[in-house]
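Worksheet for the structure shown next.
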Amino acid sequence: MTRLRVYDDTKALFHLPDGLIYLDGNSLGALPLGVAERVNRVITEEWGNELIRAWNTAGWYVQPRHVGDRIARLIGAEAGSVMVGDTLSLKVYQALAAALDMTPSRKIVLSDTGNFPTDLYMAEGLIATLGRGHQLRLVAPEEIEGALSDEIAVLYITEVDYRTGRRHDMAKLTARAHALGIVTLWDLAHSAGALPVDLAGSGADFAAGCTYKYLNAGPGAPAFLYVAPRHADSARAALSGWMGHAKPFAFELAYAAAGGVERMRVGTPPVLAMAALEASLDIWDKVDIAEVRARSLALGDLLISEVERHCPQLKLVTPRDHERRGSQVSFAFDGGYAAMQALIARGVIGDFRAPDIMRFGLTPLYVGENEIIRAAEIIEEVISGEVWRRPEYQVVNAVT
C-alpha cells in the first residue's frame, strides 16, 4: 500500500473553504472528499436497490465490528477488541458499568477535574442507578497518581485534557493502577487520530472514544468501545440491547450476551454515519500515525512561539513538554470568548471553553506551517488591536 505524506498528500483529500484556517479539528474534523460519494453509494445502491437485503449483501450487520478493526490499528488495540456504534456517552457508561462489576467490594471511581464533564455526568448517573454506595472522587490532574490506592475500583480518565491539551501517561498510570488491583477506563476522544495510542501494550482494560474529531467522520458520528480480550467474554453488558444478544434474530425473551466484544453492541447500527466514517478511514489506512504525531508537535511548537512572540497577553496553559501534550494548544485570556468570535470572523476557526480558554486544534492532515504562521498574525491583530472588544463579538452563541 502506498503511504500518503501527511499534509503534502492529504490536504487535497479534504474540503476546506478557500481562505479559511481551520484549527478546530479537535472538536469537529473537516469533511473528507470521499464521504459524499461513499454515503451516496450506500443510499442509492445499497439502501435504494438492495433494501433490507443490504444487511447481508452489503455487510451492514457486520459493519460495527469491521469498522472497529480499522480503528483498532490507530489505537494499538488487538483485532476483534473494538466495537463501533452509539455515542461516546453510552460507550463510557457501558465500560464503567462493566469495570465496576469486576471489583464489587470497592466503591470509589477516581477521575480528575480535567475530565470531560459528560464523562463525569455519566458516572454520576450510573452510580445513582446502581445504588450500591459507589462514589465519584475527583482530584487535580497532576494528583491522579498519588490518589491511587487499594480502595479505588476504577481509574476513569481522559488521556488528553479537552481544555488544556495536557496528556496523562497511560502506560505508567495503568501499571500503577493494576498493581493496586484497579480497573482502568480511558477516554480517547482527544487521542484517537491525534497521537499514537497503545492500548494493548499499556494493558488498558477498557477505552472509548469518538470519531467526529481527529478521525473526521462528521457531526454525530458513532463512537467506539475497546474491551481488552482478557475481559471480553466476562464483561457485563449493562445496556443489554438486542444487537448484543448471542442470537439477536432468534428473538428469545431472555437476554443472553454474545461472546467477546459483540456483547457491547446495543441497538441497530447507524449505517449512513458508519459509511462516512469508513470514507475517512480510507485516508487513515494510508497514513502513518507516527508522522501525524511528529508534525502535530512541530505545529504546536510553532504556534506557541509565534503567539508568545506577538501576543504576550495570552497565557499558555498547554504543556510545552511533548510527552505531556496532545494535539492542541490552548491559551487563557479574559476576553477569550469574544476574541475567538473575532478570529472566526476573520477566517481563523478555533473554539472557546469556559471560563477563559482559547483552543486551537492541530490536525496535520490538512493544517501546515503556513496556516499556523498566518493564524498567529491574525491573532495578534485581534488581541493587540483590541478588536475583540467590539459589541458584535460579545454576543454568546448557543454553541461556544
Would you say that [X] contacts [Y] through its side chain, given a criterion of any heavy-atom pair below 4.5 Å between the two side chains?
X	Y	value
Leu120	Ser111	yes
Leu362	Ile372	yes
Lys11	Leu16	yes
Glu145	Leu173	yes
Val292	Trp284	yes
Lys315	Asp334	no
Asp205	Arg230	yes
Val261	Leu225	no

Between [X] and [Y], is there a shared hydrophobic cluster once you connect ILVMFWY residues whose side-chain heavy atoms come closer than 4.5 Å?
X	Y	answer
Val42	Leu33	no
Ile75	Leu365	yes
Leu88	Leu74	no
Trp47	Val271	yes
Val67	Met264	no

Looking only at heavy atoms, what is the nearest atom pair of [X] and [Y], with distance?
X	Y	result
Asn26	His190	O-CE1, 3.3 Å
Ala77	Val82	CB-CG2, 3.9 Å
Ile283	Pro32	CD1-CB, 4.0 Å
Ile182	Leu155	CG2-N, 3.4 Å
Thr118	Ser89	OG1-OG, 3.2 Å
Asp86	Gln94	OD2-OE1, 4.4 Å

For [X], does the [atom1] atom sit with more than 12 other heavy atoms under 6.0 Å from it, leaving out its own atoms?
X	atom1	value
Trp55	CH2	yes
Asp288	CG	yes
Ile52	CD1	no
Glu323	CD	no

Could you walk me through whether Leu23 and Leu343 pass the side-chain contact (heavy atoms from CB on, under 4.5 Å) check? CA-CA 11 Å; Leu23 302 179; Leu343 287 174; over 6 Å; no

Could you grab the distance from atom [atom1] of [X] to atom [atom2] of [Y], nearest 0.5 Å is fine?
X	Y	atom1	atom2	value
Cys210	Leu188	SG	CG	9.5 Å
Glu50	Glu45	CD	CD	9.5 Å
Glu369	Leu299	CD	CG	5.5 Å
Asp69	Leu281	CG	CG	11.5 Å
Ile344	Tyr393	CD1	OH	10.5 Å
Tyr156	Asn115	OH	CG	6.5 Å

Could you walk me through whether Arg3 and Asp9 pass the salt bridge (charged side-chain N to carboxylate O under 4.0 Å, His left out) check? CA-CA 9 Å; Arg3 284 289 182 188; Asp9 293 332; over 6 Å; no

Just to verify, what does Thr318 make a side chain to side chain donor-acceptor pair (under 3.5 Å) with, not counting sequence neighbours? none

Tell me every residue that passes side chain to side chain donor-acceptor pair (under 3.5 Å) with Glu151, counting only those two or more places apart in sequence or in another chain. Arg137

How would you list, by chain and number, every residue that makes a ring-ring contact (aromatic ring centres under 6.0 Å, His included) with [X], sequence neighbours excluded?
X	value
Tyr366	Phe14
His231	Phe206
Tyr22	none

Under the salt bridge (charged side-chain N to carboxylate O under 4.0 Å, His left out) rule, collect the residues that match up with [X], sequence neighbours excluded.
X	answer
Arg359	Asp351
Asp101	Arg132, Arg236
Arg38	Asp282
Asp301	Arg325

Main chain of [Y], side chain of [X]: is a donor-acceptor contact present, judged purely on distance under 3.5 Å?
X	Y	result
Lys91	Tyr226	no
Lys107	Pro104	yes
Asp112	Val139	no
Tyr7	Thr363	no

Applying side chain to side chain donor-acceptor pair (under 3.5 Å) as the test, list every pair that has at least one member in residues 244-269; sequence neighbours left out. Arg65-Glu262

My understanding is that only one of His310, Arg309, Gln313 makes a side chain to side chain donor-acceptor pair (under 3.5 Å) with Glu380; could you say which? His310

Could you check whether Glu377 pairs with Arg374 (Lys NZ or Arg NE/NH1/NH2 to Asp/Glu carboxylate O, under 4.0 Å)? yes

For the pair Met243 and Met83, evaluate side-chain contact (heavy atoms from CB on, under 4.5 Å) and give the outcome as yes or no after the intermediate values. CA-CA 12 Å; Met243 281 288 179; Met83 184 58 59; over 6 Å; no

Can you classify the ring geometry of Phe251 versus Trp242 as parallel (below 30°), tilted (30 to 60°) or perpendicular (above 60°)? parallel

May I have the step-by-step check of side-chain contact (heavy atoms from CB on, under 4.5 Å) for Trp186 and His168, ending in yes or no? CA-CA 10 Å; Trp186 291 90; His168 283 291; 4.0 Å; yes

Go through Val348 and Val382 one step at a time and tell me if the side-chain contact (heavy atoms from CB on, under 4.5 Å) criterion holds. CA-CA 11 Å; Val348 177; Val382 166; over 6 Å; no

With a cutoff of under 4.5 Å between side-chain heavy atoms, which Ile, Leu, Val, Met, Phe, Trp and Tyr residues group with Tyr162? Phe116

Under 4.5 Å side-chain heavy-atom separation, chaining through any Ile, Leu, Val, Met, Phe, Trp or Tyr, what else clusters with Val317? Say none if it is isolated. Ile357

